[in-house]
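Lettering of chains follows the sequences in order, A, B, ..., and the numbering in each one begins at 1.
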Number of protein chains: 2
Amino acid sequence: MDDQDPGLQLVHLLRAVTVELDLFAAEFAGRNGLHPTDVRALIHLLDARRENLRATPGWLGSQLGVNSASTTALVDRLERLGLVRRERDTGDRRRVLLVVRDEAITLGWSFFGPLIDEMVTEMRSFDERELATVRRFLLAMRDIAAARRAHDRDSGGSARQKADQPGERQEDQGN
Amino acid sequence: MDDQDPGLQLVHLLRAVTVELDLFAAEFAGRNGLHPTDVRALIHLLDARRENLRATPGWLGSQLGVNSASTTALVDRLERLGLVRRERDTGDRRRVLLVVRDEAITLGWSFFGPLIDEMVTEMRSFDERELATVRRFLLAMRDIAAARRAHDRDSGGSARQKADQPGERQEDQGN
DNA sequence: CGCAATATCTCGATGGTCGAGATTATTGAC
DNA sequence: GTCAATAATCTCGACCATCGAGATATTGCG
């Protein structure tokens, strides 16, 4: 694996992008009195809403990799900030549904909107075949990372298992 | 900006990749008794070493966006774990050089090595023109994020300025 | 020398995260 | 129906990463 390997250079470049995006999120967090975890939670909640998935504390915790105690505190913060609302699930009353309030959408868009806009605009300079290439690249990188994470979680039981993950991920249950 | 906009889909996909990579790093952290910040620091330190840059606490703190107090504690942790060594700069004795110990390289490679390997291997399925397309994409995304971050830092003085960033970034000073 | 700028570190306070366990609701067996 | 097992969320106490403010040491300028 030569240091001049173009593939390796691209992997490093991908990491540089993630570093930039993390710093961008941290900037957003610090500016609004949120913590990095809150921002990550907000992103997942907005994603869930966009895809019509039901968000619950347990689901959110598993997405973020934090345990139930931290998730409760996290939702408390988001609720106190007026970004989400707790709502008992009428079907399964053990559950709590996390309803994203309009304030959260406004806040998220005010910060990430311009960034996303610029990125989408930049993508217009890519023709269809190039877009397909980028998509293939991103899908491959995402899947490799996800697969290795699942692999390491199983095989690497030497150290502690980190958190109490239900492991269960509920998909869209018909709204 | 339609929800079916292929550019927008790719931006979301890019975010999905960063989420996976962050979770991967968190997994690594939890398994080795490190904190997410420690992992980020380790990555920057290994990068600096690879590029023959001099790492100091101040430089590291500015890279991570944390203040000097946190940086001191961070370096204390890394030193206690035997990953780095503090060494007074003989030229400017206010400075401390952070020397990455072999243990850090071994540790980092043991975890990120296989992931990087798989990614690099996957990149072999891209021909030269496709690699160039991916590179153009990643460079554009990185630069947009960096530019917006700089832009927001200046204009958005409404809230607090977060940390005491020297703003100074020392490049390779001839080793 | 005095003085400002720079680099790092110290201190006390805040609060996010964790493990363990409590609480409430659901499910299935008898 | 009752009981135990499971599940989803929350409470509690402890730990420690991060922060702001300020201390300490060094450099460079005049």
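Counting to the nearest Å, the P atom of D:dT9 and the CG atom of A:Leu98 are 8 Å from each other. Between the CG atom of B:Leu97 and the P atom of C:dT8 there is a distance of 9 Å, rounded to whole Å. Here the C1' atom of nucleotide D:dA17 and the CG atom of B:Leu60 are 15 Å apart, to the nearest Å. The separation between A:His35 atom NE2 and D:dC16 atom P is 19 Å, rounded to whole Å. Remark: C1' of C:dG15 and CG of A:Leu81 are 14 Å apart, rounded to the nearest angstrom.
Residue A:Asn67 has no polar side-chain atom (N or O) positioned under 4.0 Å from OP1 or OP2 of C:dT17. When the side-chain nitrogen and oxygen atoms of A:Thr56 are compared with OP1 and OP2 of D:dT9, one or more of them lie within a distance under 4.0 Å.
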Each nucleotide N or O in nucleotides 23-27 of chain C that has a protein N or O under 3.5 Å away: list the pair and distance.
unit_1	atom_1	unit_2	atom_2	d
C:dT26	OP1	A:Arg93	N	3.0

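Heavy atoms of other residues, nucleotides or ligands lying less than 6.0 angstrom from CZ of A:Arg15 number more than 12.
When distances run from any side-chain atom of B:Pro57 to the nucleotides D:dG20, D:dT9, C:dC9, the shortest one goes to C:dC9.
Between B:Asp5 and A:Arg124 there is a salt bridge, with a side-chain nitrogen of the basic residue lying less than 4.0 Å from a carboxylate oxygen of the acidic one.
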Stepwise salt bridge (Lys or Arg N to Asp or Glu O under 4.0 Å) test for B:Asp22 and B:Arg40: CA-CA 10 Å; B:Asp22 284 349; B:Arg40 294 172 58 211; over 6 Å; no
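A salt bridge (charged side-chain N to carboxylate O under 4.0 Å, His left out) with B:Arg148 holds for exactly one of A:Glu20, A:Glu122, A:Glu118, A:Glu27; it is A:Glu118.
Between A:Leu21 and A:Leu115, the closest side-chain pair of non-hydrogen atoms falls below 4.5 Å. Side-chain contact check for A:Leu46 versus A:Phe112: every heavy-atom pair is 4.5 Å or farther apart.
Listed by residue number, B:Ala73, B:Arg77 are the residues of residues 72-80 of chain B with a heavy-atom contact under 4.0 Å to DNA chain D.
For a distance-only test at 3.5 Å, the side chain of A:Ser70 fails to qualify as a donor-acceptor partner of the base of C:dC18.
Applying the salt bridge (Lys or Arg N to Asp or Glu O under 4.0 Å) test to pairs two or more places apart or on separate chains, those with a residue in residues 134-143 of chain B are A:Glu130-B:Arg136.
A distance of 12.0 Å separates CG in B:Leu98 from CZ in B:Arg54, rounded to the nearest 0.5 Å. Distance check, rounded to the nearest 0.5 Å: CG of A:Leu42 to CG of A:Asn32 gives 9.5 Å.
In this structure, B:Thr37 reaches the sugar-phosphate backbone alone: every heavy-atom distance under 4.0 Å involves primed, P, OP1 or OP2 atoms, never a base.
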